[in-house]
Amino acid sequence: QVQLVESGGGLVQPGGSLRLSCVVSGTIRSMYAMGWYRQAPGKQRELVATITSGGNTNYADSVKGRFAISRDNAENTVNLQMNSLKPEDTAVYYCYSRLRRLGSPRDDYWGQGTQVTVSS
């Protein structure tokens, strides 16, 4: 099976920084994209940032200039460096991966989420 496990969430003051990491495990034939989404209480899940296998990145307007997404050379982890955090960034952050397992069609996978709380 494919598993995505996030880490790095927590409580931080406004203006602070956090670095989220996600480890993807499983027998992967092709990795197409990885990224992060977030969901605040009572709101729909929204895109934060994605990165394709070719290195193209996409960011939500609200995080441009503050967040940076990256992946390691093995392409089994994805990171999100979050700087200048604001209370509006408070949400559960979900790791996302679009991949194809060996012998399976392309599909999307999600982690369980990690809580990020920005508060004084």
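- Within the 3.5 Å criterion, the main-chain N or O of Gly26 finds no donor-acceptor partner in the side chain of Gln1.
- For the pair Thr50/Met34, no side-chain contact is recorded, criterion being any heavy-atom separation below 4.5 Å from C-beta on.
- Classified by interplanar angle (parallel below 30°, tilted 30° to 60°, perpendicular above 60°), the ring pair Tyr37/Trp110 is perpendicular.
- Taking all atoms of both residues into account, the shortest heavy-atom contact from Tyr59 to Ala68 is OH-CA, 3.4 Å.
- Every residue two or more places apart in sequence or in another chain that forms a side chain to side chain donor-acceptor pair (under 3.5 Å) with Gln81 is listed here: Arg19, Asn83.
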Next item on the list: Given side chain to side chain contact (heavy atoms under 4.5 Å, CB included), test Leu85 with Leu18 step by step and report yes or no.
Entry: CA-CA 8 Å; Leu85 283 162; Leu18 286 173; 4.1 Å; yes
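- Residues Pro14 and Ser120 are in side-chain contact: their nearest non-hydrogen atoms beyond the backbone lie under 4.5 Å apart.
- Cation-pi contact between Arg106 and Tyr32: present, with separation from the ring centre below 6.0 Å and deviation from the ring axis of at most 45°.
- Arg98 places no side-chain N or O within donor-acceptor distance of the main-chain N or O of Gly35, the cut-off being under 3.5 Å.
- The shortest side-chain heavy-atom distance between Val92 and Val116 does not fall under the 4.5 Å cut-off.
- In this structure, Ser97 and Met31 approach most closely via the heavy-atom pair OG-SD, 3.0 Å.
- Salt bridge annotation for Arg38-Asp89: present, with a cationic side-chain nitrogen under 4.0 angstrom from a carboxylate oxygen.
- Cluster membership check: Tyr94 does not share its hydrophobic cluster with Val48, using side-chain heavy-atom separations under 4.5 Å among Ile, Leu, Val, Met, Phe, Trp and Tyr.
- When all heavy atoms of Ile69 and Ala49 are compared, the closest pair comes out as CD1-O, 3.6 Å.
- A 4.5 Å side-chain heavy-atom check between Leu99 and Ser30 finds every atom pair outside the cut-off.
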Item checked: Trace of the side chain to side chain donor-acceptor pair (under 3.5 Å) decision for Thr117 with Gln115 -> CA-CA 6 Å; Thr117 303; Gln115 178 70 48; 3.3 Å; yes
Next item on the list: Go through Leu20 and Asn79 one step at a time and tell me if the side chain to side chain contact (heavy atoms under 4.5 Å, CB included) criterion holds.
Entry: CA-CA 5 Å; Leu20 305 183; Asn79 304 306; over 6 Å; no
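- Between Thr90 and Ser119 the shortest side-chain heavy-atom distance does not fall below 4.5 Å.
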Next item on the list: Starting from the C-alpha separation in whole Å, work towards a yes-or-no answer on side chain to side chain contact (heavy atoms under 4.5 Å, CB included) for Ser84 and Arg66.
Entry: CA-CA 6 Å; Ser84 302; Arg66 300 188 298 119; 4.0 Å; yes
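- Under the 4.5 Å side-chain heavy-atom criterion for Ile, Leu, Val, Met, Phe, Trp and Tyr, Val24 and Tyr109 are members of the same hydrophobic cluster.
- Between the side chain of Arg100 and the backbone N or O of Ser104 there is at least one donor-acceptor pair closer than 3.5 Å.
- Atom-to-atom distance recorded for Cys95:SG and Gln112:CD is 11.5 Å, nearest 0.5 angstrom.
- The hydrophobic cluster containing Val23 does not contain Leu80, counting ILVMFWY residues as joined when their side-chain heavy atoms lie under 4.5 angstrom apart, directly or transitively.
- Pairing each heavy atom of Arg71 with each of Ile51, the nearest pair is NH1-O, 3.8 Å.
- Met82 and Tyr96 fall into different hydrophobic clusters, where Ile, Leu, Val, Met, Phe, Trp and Tyr residues are linked whenever their side-chain heavy atoms come under 4.5 Å apart, directly or through other members.
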Note to self: Is there a side chain to side chain contact (heavy atoms under 4.5 Å, CB included) between Ser21 and Thr77? Walk through the geometry before answering.
What the structure shows: CA-CA 7 Å; Ser21 295; Thr77 64; over 6 Å; no
